[in-house]
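Have a look at the structure below, then the notes.
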Amino acid sequence: MSVLVVGSIALDTVKTPVEEHADLLGGSASYAALAASFFGPVRLVGIVGTDFPATEFEFWKSRKIDAQGVQRVDGKTFRWSGEYSWDLNTRETRSVALNVFENFQPALPESYRRTDFALLANIAPSLQSHVLDQMEKPRFVVADTMDLWIETTRADLDALLPRADLLILNDSEAREMTKETSLIKAGRKIREMGPRYVAIKKGEHGALLFGEDEFFSCGAYPLEDIHDPTGAGDTFAGGLGGYLAANVKGEVTFAELRRAVIYGSVLASFCVEAFSLERLRSLTKDEILQRYEVFRSMSQFEMSA
Ligand code: AMP
């Protein structure tokens, strides 16, 4: 089963305390689509300019990522630049150039409209809604967001929330959105705003998943070396959405969502091992399954005698 992925496709400049790289392939949709493609076919929606490397279209083709929904137009590709602090946990945006994104109106090819699973990776919530408007009742909609939209387009975000089955956001965004310091209260409050499920990412501390009467908490895969945290959140969403689309035939149950959160965490843990999409490009399905198994054994414990 395919998953439709919409989001940004970008050229990034990333500075960590030890390295800086310019013009890296990035964007929420680039990470999410590649992560999802390990599980099944992807239908990608986005926009790029004439400076975007044509080789990427070949790469997508080789990974069963359908790029019919990616518009290539005159102008420059969206550019973003960020700098990480020494602990790689906090990041400052140094610059954003919307470029071709400024007039982006996602238009779904006819063949995309009946996709069962939609992953609305991070872009303006009005664009996420515009994509949903063109779809014929997807079975499950995952939406990602960021602090920028909570601060600048809250009404658009509020309108999207009841249309999402699962909202993904990080801990500081959940606190900002609800004005709650407790993430447990925040998760519950966000559910009341519309989505049936909420996943709160806590970076190197794992993730929380909220359902109506259900709750799940998991750690993050412990890594010794992190090179570039960019895209970890998008990769988490892509792994999660790709797993669901490929594996859930009937209703999406909480048990499946728990597995999907672990797959998302596994994919994100690989993403940060190298700059840009490089680690995801060389990753194999076997490596994913092995790390999932390590994750499982690491999280298990017995009742005391
Ligand atoms: P993450 O590290 O998961 O938060 O995602 C980083 C990616 O988000 C980078 O590759 C950026 O190109 C992309 N990005 C940054 N700002 C925005 C924005 N305002 N809209 C869409 N994508 C963005």
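Indexing begins at 1, ligand by ligand and atom by atom, following the structure's order.
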Practice problem: Step by step, work out the side-chain contact (heavy atoms from CB on, under 4.5 Å) result for Leu208 and Asp171. | Solution: CA-CA 9 Å; Leu208 305 174; Asp171 43 6; over 6 Å; no

Quiz item: Going by distance only, is there an N or O of Gly231 that falls short of 3.5 Å from an N or O of ligand 1?
Solution: yes

Practice problem: Please could you name the atoms of ligand 1 that Ala10 approaches to less than 4.0 Å, counting only its heavy atoms? | Solution: 12 (O)

Quiz item: Glu256 and Asn247: side-chain hydrogen bond (donor to acceptor under 3.5 Å, both in side chains), yes or no, with the steps?
Solution: CA-CA 9 Å; Glu256 287 288 12; Asn247 292 281; over 6 Å; no

Quiz item: side-chain contact (heavy atoms from CB on, under 4.5 Å) between Phe39 and Leu267: does it pass, once the steps are laid out?
Solution: CA-CA 11 Å; Phe39 300 95; Leu267 265 296; 4.0 Å; yes

Quiz item: Counting from 1, what ligand 1 atoms have a heavy atom of Tyr31 closer than 4.0 Å?
Solution: 10 (O)

Practice problem: Considering only non-hydrogen protein atoms, determine which one is nearest to atom 17 (C) of ligand 1 and report residue, atom name and distance to 0.1 Å. | Solution: Phe78 CZ, 3.8 Å

Practice problem: Using a strict cut-off of 4.0 Å, indicate which atoms of ligand 1 neighbour a heavy atom of Trp149. | Solution: 19 (N), 20 (N)

Quiz item: Is the distance between the ring centroids of Phe210 and Phe215 less than 6.0 Å?
Solution: yes

Exercise. Please say whether Asp234 places an N or O atom under 3.5 Å from an N or O atom belonging to ligand 1.
Key: yes

Self-check item: Inter- and intrachain pairs under ring-ring contact (aromatic ring centres under 6.0 Å, His included), touching residues 284-305, at least two apart
Solution: Tyr263-Tyr292

Practice problem: Compute the shortest N/O to N/O distance between Asp12 and ligand 1 and return yes if it is under 3.5 Å, no if not. | Solution: yes

Quiz prompt | Cation-pi, Tyr221 ring and Arg291 (6.0 angstrom, 45 degrees) | solution = yes

Self-check item: CG on Leu169 to CG on Leu157, rounded to 0.5 Å
Solution: 9.0 Å

Self-check item: Gly27 versus Asp12, closest heavy-atom pair with distance
Solution: N-OD2, 3.9 Å

Self-check item: Close-contact set for ligand 1 against Gly26 heavy atoms, below 4.0 Å
Solution: 10 (O)

Quiz item: Is the closest N or O pair between Ser8 and ligand 1 shorter than 3.5 Å?
Solution: yes

Quiz item: Can a non-hydrogen atom of Phe236 be found less than 4.0 Å from any atom of ligand 1?
Solution: no

Quiz prompt | Any Arg91 heavy atom less than 4.0 Å to ligand 1 | solution = yes

Quiz item: Identify the closest protein heavy atom to atom 16 (N) of ligand 1: which residue and atom is it, and at what distance?
Solution: Trp80 CD1, 3.7 Å

Quiz item: Does ligand 1 have any atom sitting under 4.0 Å from a heavy atom of Phe101?
Solution: no

Practice problem: Report the part of Thr93 in contact with ligand 1, treating N, CA, C, O as backbone and CB onward as side chain, heavy atoms under 4.0 Å; options are side chain, backbone, both, neither. | Solution: neither

Practice problem: May I ask you to check whether Thr230 has an N/O atom sitting below 3.5 Å from an N/O atom of ligand 1? | Solution: no

Exercise. Find out whether the Lys NZ or Arg CZ of Arg191 is both under 6.0 angstrom from the six-membered ring centre of Tyr197 and within 45° of the ring's axis.
Key: no

Self-check item: Sub-4.0 Å atoms of ligand 1 with respect to non-hydrogen atoms of Gly233
Solution: 3 (O)

Practice problem: Kindly say whether the aromatic ring centers of His227 and Phe275 come within a distance under 6.0 Å. | Solution: no

Quiz item: Going by the atom numbers of ligand 1, which of them fall below 4.0 Å from some non-hydrogen atom of Leu148?
Solution: 19 (N)

Quiz prompt | Atoms of ligand 1 close to Met146 [distance to a heavy atom under 4.0 angstrom, numbered from 1] | solution = 18 (C), 19 (N)

Exercise. Please say which of Arg79, Lys76, Arg72 ends up in a salt bridge (charged side-chain N to carboxylate O under 4.0 Å, His left out) with Asp51.
Key: Arg79

